[in-house]
Participant: 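One structure coming up, written as structure tokens, with questions to follow.
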Amino acid sequence: MSRSLRRGVLAASALSLSIATLSACGAGNDAQTLDIKPDNAATAVGDIKVQNASVVTQPDPASKGPAAINVTVFNNGTKDQQLTAITVVGTGKSAKLAPAGAAGPITVPAGGSVVIGGQGNPSAVLPSSREAVQDGNAQILSFDFSATGKVELNAYVVPAKGAFESYGPTEQPSASGTPSPGSSESGAPSGSGTPSGEASHTGH
């Protein structure tokens with residue numbers, strides 16, 4: 001075999017090995033990537049998908065007032081589900097849920113979605129928030145649904161400043177530590193309880 005031919009065979013063999021190695025790595029990376037989810041992206045269990053969760057605390061770091069939970073919940077099933085509780089894992093602290101300014105579960109319609117937090121939407125408020133969450137943390141929230149059960153998702157904790165100012169709790173504690181007159185514990189004003197915008201749809 002000539003020298004040039006031998007060089008060609010060796011080069012082809014090296015190229016084949018390189019391609020095989022890359023293919024193996026690619027398969028491994030793809031498989032592992034499927035199991036990796038960003039902290040604040042989305043989590044789906046059964047028919048329920050929960051995404052974009054955040055906890056917005058009082059703008060004053062010294063305040064022990066309530067914090068508002070903001071999240072979007074999708075129901076891809078054929079039956080309505082009720083969100084019956086939201087708790088901060090590891091603290092025992094639970095949010096007060098208000099579908100339309102009154103206590104009770106929040107309904108996620110079949111084939112639709114609900115935006116929790118923000119003006120005109122259902123609210124979820126954590127009382128005495130500093131005992132449960134700390135600004136800058138990513139803490140696990142557990143969502144309880146009537147049919148699906150528990151769904152957990154990391155939520156970033158941020159103060160009600162800048163872009164998050166309008167998503168914070170409406171209750172602002174007075175200097176004495178008690179709510180100011182006329183304040184509400186709800187994280188959002190009372191409304192119809194029906195989400196608006198692209199995040200809300202009924203699928204009909």
Side-chain angles (χ1 to χ4, degrees), residues 34-57 66-129 132-133 137-158 164 166-171 184-204:
L34 294 176
D35 294 330
I36 298 173
K37 296 180 175 61
D39 283 344
N40 200 30
T43 294
V45 176
D47 294 326
I48 294 294
K49 180 179 181 181
V50 181
Q51 69 178 29
N52 298 330
S54 63
V55 180
V56 184
T57 61
I69 294 174
N70 296 269
V71 67
T72 304
V73 181
F74 297 88
N75 180 1
N76 295 318
T78 58
K79 295 182 179 180
D80 294 354
Q81 287 204 45
Q82 284 71 48
L83 173 61
T84 58
I86 302 176
T87 57
V88 182
V89 174
T91 69
K93 301 295 182 180
S94 296
K96 178 181 178 181
L97 305 181
I106 295 171
T107 298
V108 188
S113 64
V114 169
V115 176
I116 299 171
Q119 187 172 1
N121 297 324
S123 64
V125 176
L126 283 170
S128 302
S129 61
V133 294
N137 284 356
Q139 295 187 239
I140 301 174
L141 299 183
S142 178
F143 299 81
D144 257 348
F145 294 93
S146 55
T148 298
K150 293 185 183 296
V151 178
E152 294 185 349
L153 180 70
N154 278 346
Y156 290 122
V157 183
V158 294
F164 292 94
S166 61
Y167 294 94
T170 56
E171 179 183 345
S184 167
E185 289 188 0
S186 171
S190 300
S192 64
T194 302
S196 58
E198 292 183 1
S200 174
H201 59 281
T202 59
H204 295 305

Participant: Which heavy atom of Ala68 sits nearest a heavy atom of Gly168, and at what distance?
Facilitator: CB-C, 3.9 Å

Participant: For residues Ile69 and Ala95, report the shortest heavy-atom separation together with the two atoms involved.
Facilitator: CD1-CB, 3.9 Å

Participant: Calculate, to the nearest 0.5 Å, the distance between atoms CG and OG1 belonging to Asn52 and Thr72 respectively.
Facilitator: 5.5 Å

Participant: Are any side-chain N or O atoms of Thr91 and backbone N or O atoms of Lys93, one a donor and one an acceptor, separated by less than 3.5 Å?
Facilitator: yes

Participant: Could you go through the side chain to side chain contact (heavy atoms under 4.5 Å, CB included) check for Leu141 and Thr87 one step at a time?
Facilitator: CA-CA 6 Å; Leu141 299 183; Thr87 57; over 6 Å; no

Participant: Distance from Lys49 atom NZ to Asn76 atom CG, nearest 0.5 Å?
Facilitator: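 Here the rounded value is 8.0 Å.
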
Participant: Roughly how far, to the nearest 0.5 Å, is CD of Gln51 from CG of Leu153?
Facilitator: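 Reported to 0.5 Å precision, the distance equals 9.0 Å.
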
Participant: Would you check if Val133 and Val88 make a side-chain contact, meaning some heavy-atom pair closer than 4.5 Å?
Facilitator: yes

Participant: When you check the side-chain N and O atoms of Ser166 and Gln119, is any donor under 3.5 Å from an acceptor?
Facilitator: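 Per modelled atom types, Ser166 and Gln119 side chains form no pair under 3.5 Å.
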
Participant: Which atom pair, heavy atoms only, marks the closest approach of Asn70 to Gly118?
Facilitator: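 Heavy atoms only, the tightest pair is OD1-N, 3.7 Å.
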
Participant: Please report the interatomic distance CD1(Ile48) to CG(Leu83), rounded to the nearest 0.5 Å.
Facilitator: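 The distance works out to 8.5 Å.
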
Participant: Is there a donor-acceptor pair under 3.5 Å between the side chain of Thr148 and the backbone N or O of Phe145?
Facilitator: no

Participant: Atom OG1 of Thr57 and atom CG of Leu126: how far apart are they, to the nearest 0.5 Å?
Facilitator: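 The OG1 atom of Thr57 sits 10.5 Å away from the CG atom of Leu126.
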
Participant: Apply side chain to side chain contact (heavy atoms under 4.5 Å, CB included) to Lys79 and list each qualifying residue two or more places apart in sequence or on a separate chain.
Facilitator: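 Lys79 satisfies side chain to side chain contact (heavy atoms under 4.5 Å, CB included) with no other residue.
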
Participant: Glu152 and Val89: which non-hydrogen atoms are nearest, and at how many Å?
Facilitator: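 Heavy-atom minimum between the residues: OE2-CG2, 3.8 Å.
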
Participant: Here's a test for you: under side chain to side chain contact (heavy atoms under 4.5 Å, CB included), which of Ile106, Ile116, Val114 qualifies with Pro99?
Facilitator: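 Exactly one candidate clears the test, Ile106.
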
Participant: Would you check if the side chain of Asn75 reaches a backbone N or O of Val108 as a donor-acceptor pair within less than 3.5 Å?
Facilitator: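 Answer holds: yes.
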
Participant: With a 3.5 Å distance limit and no angle check, can you tell me whether Asp80 reaches the backbone of Ala110 through a side-chain donor-acceptor pair?
Facilitator: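 Yes: the side chain of Asp80 pairs with the backbone of Ala110.
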
Participant: Measure from the side-chain N and O atoms of Gln82 to the backbone N and O of Pro105, and report whether any donor-acceptor pair falls under 3.5 Å.
Facilitator: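 Between the backbone of Pro105 and the side chain of Gln82 there is no qualifying donor-acceptor contact (under 3.5 Å).
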
Participant: What distance separates Lys150 NZ from Asp144 CG, expressed to the nearest 0.5 Å?
Facilitator: 3.5 Å

